[in-house]
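Just follow the structure's listing: the first ligand is 1, and inside any ligand the first atom is 1.
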Amino acid sequence: MHPAGKIIEARLEHLESHLEQENPILLRTVKSFRVLDEVAFKLGLLQGDSSFATQIPWWPLISILGTFSAGKSTFINHYIEYPLQRSGNQAVDDRFTVICYSKEASAHALPGVALDSDPRFPFYQMSDEIEKVARGEGDRIDAYLQLKTCPSPRLKGKILIDSPGFDADAQRTSTLRITDHIIDLSDLVLILFDARHPEPGAMQDTLKHLIDQTIGRPDTGKFLYILNQIDTTARENNPEDVIAAWQRALGERGLTAGRFYAIYNPDVAIPIEDEALRTRYEQKRDADLAEIHSRMEEVEIERAYRIVGALEKTARDIEERCVPLVTQTLATWRKRVLWGDAAAMGGLFVILLLLSIKAGYWSGLSFNPPWLTPGSNPLVPWLLLGGLVLLLGAIHFGVRTLAAKSLMGRLRRQASKAELKGDPSGAFVKSTKPWRSIFQRSPAGWGRKARQRIKQVIQNTDSYIQTLNDQFTNPSGAEKRPLSELEPLGNGQPVEQTQPADEAPAGQTG
Ligand SMILES: Nc1nc2c(ncn2[C@@H]2O[C@H](COP(=O)(O)OP(=O)(O)OP(=O)(O)O)[C@@H](O)[C@H]2O)c(=O)[nH]1
Ligand SMILES: [Mg+2]
């Protein structure tokens, strides 16, 4: 059972079952994330309903955007080799369709809310995101998104998004903002243009918006600009001229980076009579289509490396950044508590001294209060002593609380600046609980066992990377295979156990 409880446990199991079907190579990494979760919960770095595994997007996202009727849906159907999306010359879809794999024999359309609970989606809790970009629309997620599942093996391990055609002014701002959000989340963005109207005059406002969005971003590499339906130009032109004119038009809009392709869909193309011309068109199309498809496979591989990278970063963050930050803050806290105690208790001593002088308890340097003289009630001194101890205790714990509070703001700022995985302020609160001595230097939950578990996870990430490398670097020149077809991580390989040494059965550890 996950330390966060049933909800997270159910989500992780859901994630594991999807990985088993679609991306078995990553299955073992979930186990490592579970180990990190446990350590982080003990430390207080994670709290409530959370897990490091649910903070990262597991499935790469490929979005297909473009002008109205550019052939987006037809392109997707051709790629997945399945007639999933409706196509036609009228605007047939006004919603984004999130398409993912399911082994069920028939395709399913689910309401957008289903996206909110599926761990595969980077927009887990998409309605929150929609609410953020378009206030008041979060409850209407179904008006913007639908989810379709389909048994095409090409969908394994990835998610495609088909978008509504961009129809100039009719475009609602919320749709535009969702598009921007989807672009941000996507690993690969295909922007389809229609060769029937490639010239800038035909470029609608929204397409301009799309292009302007993609210019000057740090991740321009993820945009592929595709001139589709070039078969329609075969009668009048040769493809090179059309493509050049289109690229020039884009260049005039400031778009120079990125990759440009020209394709058409063999299933619906207008037949090209001239044989030589047809061959030229087909060669161009096949070369470009192959490249586009291979980019679509590559994102799956890149994503796998990124997940292992995130695992390692999380482990290292805990050990090398979170714990030191908390330890440091604890040291400052200890100093403040000691100084605070000294000041408050010193003050109390002076007050008591003055009071006792005023009460005439002193004769010269000897302390002679009436309740210590023989014959007085013997309980009184003990009661007074008890009262004093309570008072000192109250001072000490009051000082501890104040000192801890005085450090929280700074700690939170440092943590958010460092962009840490996990929340050091939670660990600090846990480490300053009343039953912890101020002289304990390491944070609560950070001991030999925790350290070993982190070390083990880091070692495991090395072997995961090694497995990925073995399967993807292909000195023999063999074709890269998508992840979904590969053996699970560590299969038949001596991948280290995630179980720490000190948890091994008794008698095996020293
Ligand atoms: N000649 C030719 N026609 C195509 C090609 N690709 C798509 N079409 C046709 O263009 C029309 C629009 O295709 P869709 O796939 O519906 O286009 P879309 O971009 O999804 O359209 P919306 O979702 O409405 O924006 C359909 O009639 C397709 O058959 C192509 O490469 N060549
Ligand atoms: Mg469509």
May I ask you to check if any N/O/S atom from T74 comes under 2.8 Å of the Mg ion (ligand 2)?
no
Any nitrogen or oxygen of N265 lying under 3.5 Å from a nitrogen or oxygen in ligand 1? Just yes or no.
yes
Minimum non-hydrogen distance to atom 10 (O) of ligand 1, winning option of R86, Q229, R285
Q229
Quick check against the 3.5 Å criterion: does N228 have a side-chain atom that pairs as donor or acceptor with the backbone of K72?
no
Ignoring hydrogens and geometry, is there a side-chain-to-backbone donor-acceptor pair from D187 to L61 under 3.5 Å?
yes
Quick note on ligand 1: atoms under 4.0 Å from a heavy atom of Y264 include exactly 31 (O)
Whether D184 and R217 form a salt bridge (side-chain N of Lys/Arg under 4.0 Å from carboxylate O of Asp/Glu) is what I want to check.
yes
Hey, mind stepping through E297 and K158 against salt bridge (charged side-chain N to carboxylate O under 4.0 Å, His left out) and telling me if it holds?
CA-CA 9 Å; E297 300 304 332; K158 55 175 96 58; 3.4 Å; yes
Which pairs, with at least one residue in residues 20-51 and sequence neighbours excluded, count as a ring-ring contact (aromatic ring centres under 6.0 Å, His included)?
H2-F41, F33-W58
N or O pair under 3.5 Å between G71 and ligand 1
yes
Should you measure from each heavy atom of S87, which atoms of ligand 1 turn up under 4.0 Å away?
14 (P), 15 (O), 16 (O)
N-O pairing of R280 and E240 below 4.0 Å
yes
Contact atoms of ligand 1, heavy-atom distance to T232 under 4.0 Å
1 (N)
N or O pair under 3.5 Å between F68 and ligand 1:
no
Kindly say whether A418 contributes a backbone atom to a donor-acceptor pair with the side chain of R321 at under 3.5 angstrom?
yes
Min N/O separation S73 to ligand 1 under 3.5 Å
yes
